[in-house]
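Reviewing the structure listed below.
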Amino acid sequence: GQQLNQSPQSMFIQEGEDVSMNCTSSSIFNTWLWYKQDPGEGPVLLIALYKAGELTSNGRLTAQFGITRKDSFLNISASIPSDVGIYFCAGTRTGANSKLTFGKGITLSVRP
Amino acid sequence: NAGVTQTPKFRILKIGQSMTLQCTQDMNHNYMYWYRQDPGMGLKLIYYSVGAGITDKGEVPNGYNVSRSTTEDFPLRLELAAPSQTSVYFCASSRTTEAFFGQGTRLTVV
């Protein structure tokens, strides 16, 4: 099936640093969403993007819907220890009936 | 605020046994989904439903069945458990695109 590409699989940063992660596809997506998953929990929606070029913030998080509609990025500024977790990008394609396609996720570690 | 509730949280099954993973949501969402999550592999869609009485296969439906008799409930059935079905299962619901997830069921088949 269609995959969204997220790499690297793991990222290690120092507390206070900014981090950026992106998500790419060979196909056009109509919607991009970013989720965070804490250990033992289900994914929680962070940001949803609906228009090409859209830039949306949620506290220290900023995400953008790429103008080609084939990519999106998420930026976390001034990281804190509770930012640790797995970050997934997800998207819907035309005719997908709201079905989300997920990337494999990036595991973020924050060193105090 | 219950949201999406999954039961049980953990289960160990023997090969060949059957079980039903329960999922209920109280947000009156039409769309519901079952995903499985394997380490490093993201979430794979098993089955989904666009409304009561309507279900369809996702990416990895083999070995599973679902039903959607009400808007609230979307149970997932494993008929003959196999070790390959060892995974964490997530149920989700949405009004349109933004899906809300349950806490997951960790299933081990031995």
Side-chain angles (χ1 to χ4, degrees), chain A residues 1-11 21 23-25 27 29-51 54 56 58 63 65 69 72 85-108, chain B residues 1-10 21 23-25 27 29-51 54-62 66 74 87-107:
Chain A
Q2 174 62 45
Q3 279 286 337
L4 292 178
N5 303 308
Q6 289 186 265
S7 65
Q9 196 169 8
S10 302
M11 299 180 80
M21 45 189 86
C23 186
T24 62
S25 172
S27 299
F29 277 71
N30 296 324
T31 309
W32 290 90
L33 298 95
W34 285 91
Y35 284 85
K36 181 187 180 221
Q37 185 180 28
D38 291 327
E41 302 288 330
V44 173
L45 181 64
L46 298 173
I47 293 179
L49 302 157
Y50 293 97
K51 271 174 48 175
E54 181 181 352
T56 297
N58 178 6
F65 191 142
R69 296 169 65 191
S72 176
I86 305 176
Y87 290 80
F88 292 101
C89 64
T92 60
R93 293 177 291 136
T94 303
N97 217 359
S98 288
K99 287 183 294 181
L100 287 172
T101 299
F102 279 83
K104 293 185 178 181
I106 293 175
T107 301
L108 180 67
Chain B
N1 288 346
V4 179
T5 302
Q6 291 182 237
T7 56
K9 286 192 166 44
F10 303 93
L21 282 68
C23 176
T24 188
Q25 52 96 6
M27 296 175 281
H29 287 165
N30 282 329
Y31 296 94
M32 294 190 76
Y33 316 84
W34 274 104
Y35 290 89
R36 61 176 286 171
Q37 182 180 25
D38 300 302
M41 297 302 293
L43 290 102
K44 298 285 181 68
L45 183 64
I46 305 172
Y47 270 95
Y48 68 101
S49 169
V50 301
I54 306 168
T55 63
D56 209 345
K57 295 178 181 178
E59 191 180 350
V60 289
N62 292 344
V66 293
F74 191 40
S87 189
V88 182
Y89 291 85
F90 288 101
C91 178
S93 73
S94 70
R95 192 178 311 280
T96 54
T97 306
E98 299 177 17
F100 295 85
F101 285 80
Q103 289 200 306
T105 296
R106 184 174 295 276
L107 176 67

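Throughout, a chain's letter reflects where its sequence line sits, starting with A, and its residues are numbered from 1. Any value given below was found using the heavy atoms of this structure, including those in side chains, with hydrogens, waters and symmetry copies removed.
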Minimum-distance pair of heavy atoms, taken over all atoms of A:Ser7 and A:Ile106: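 Closest heavy-atom pair between A:Ser7 and A:Ile106: O-CD1, 3.8 Å.
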Can you name the nearest heavy-atom pair linking A:Ile47 to A:Thr56, along with the distance?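 Nearest pair, atom of A:Ile47 first, then A:Thr56: CD1-O, 3.7 Å.
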On the 0 to 90° scale, with breaks at 30° and 60°, tag the B:Phe101-B:Phe90 ring pair as parallel, tilted or perpendicular.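 Aromatic pair B:Phe101/B:Phe90 classed perpendicular.
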Relative to each other, are the rings of B:Tyr31 and B:Tyr33 parallel, tilted or perpendicular (30° and 60° limits)?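 If you compare the ring of B:Tyr31 with that of B:Tyr33, the planes turn out parallel.
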Taking atom CD as the centre, does A:Glu41 end up with more than 12 heavy-atom neighbours from other residues, nucleotides or ligands that are less than 6.0 angstrom away?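 Counting neighbours around CD of A:Glu41, more than 12 heavy atoms of other residues, nucleotides or ligands fall under 6.0 Å, so yes.
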Check each atom of B:Lys44 against the heavy atoms of chain A and say whether the ones under 4.5 Å are side chain, backbone, both or neither.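 Side chain only.
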Toward chain A, the part of B:Leu45 with a non-hydrogen atom under 4.5 Å: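 Answer is side chain: those atoms of B:Leu45 sit under 4.5 Å from chain A.
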Which of B:Gln103, B:Met41, B:Gln6, B:Glu98 touches chain A most, by non-hydrogen pairs under 4.5 Å: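 Top option by heavy-atom pairs under 4.5 Å: B:Glu98.
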Winner by heavy-atom pair count (cut-off under 4.5 Å) against chain B, out of A:Pro43, A:Gly105, A:Ala90, A:Ala48: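 Ranked by heavy-atom pairs under 4.5 Å with chain B, first place is A:Pro43.
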Heavy-atom distance under 4.5 Å to chain B: side chain of A:Gln6, backbone, both or neither?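 Looking at A:Gln6, nothing touches chain B.
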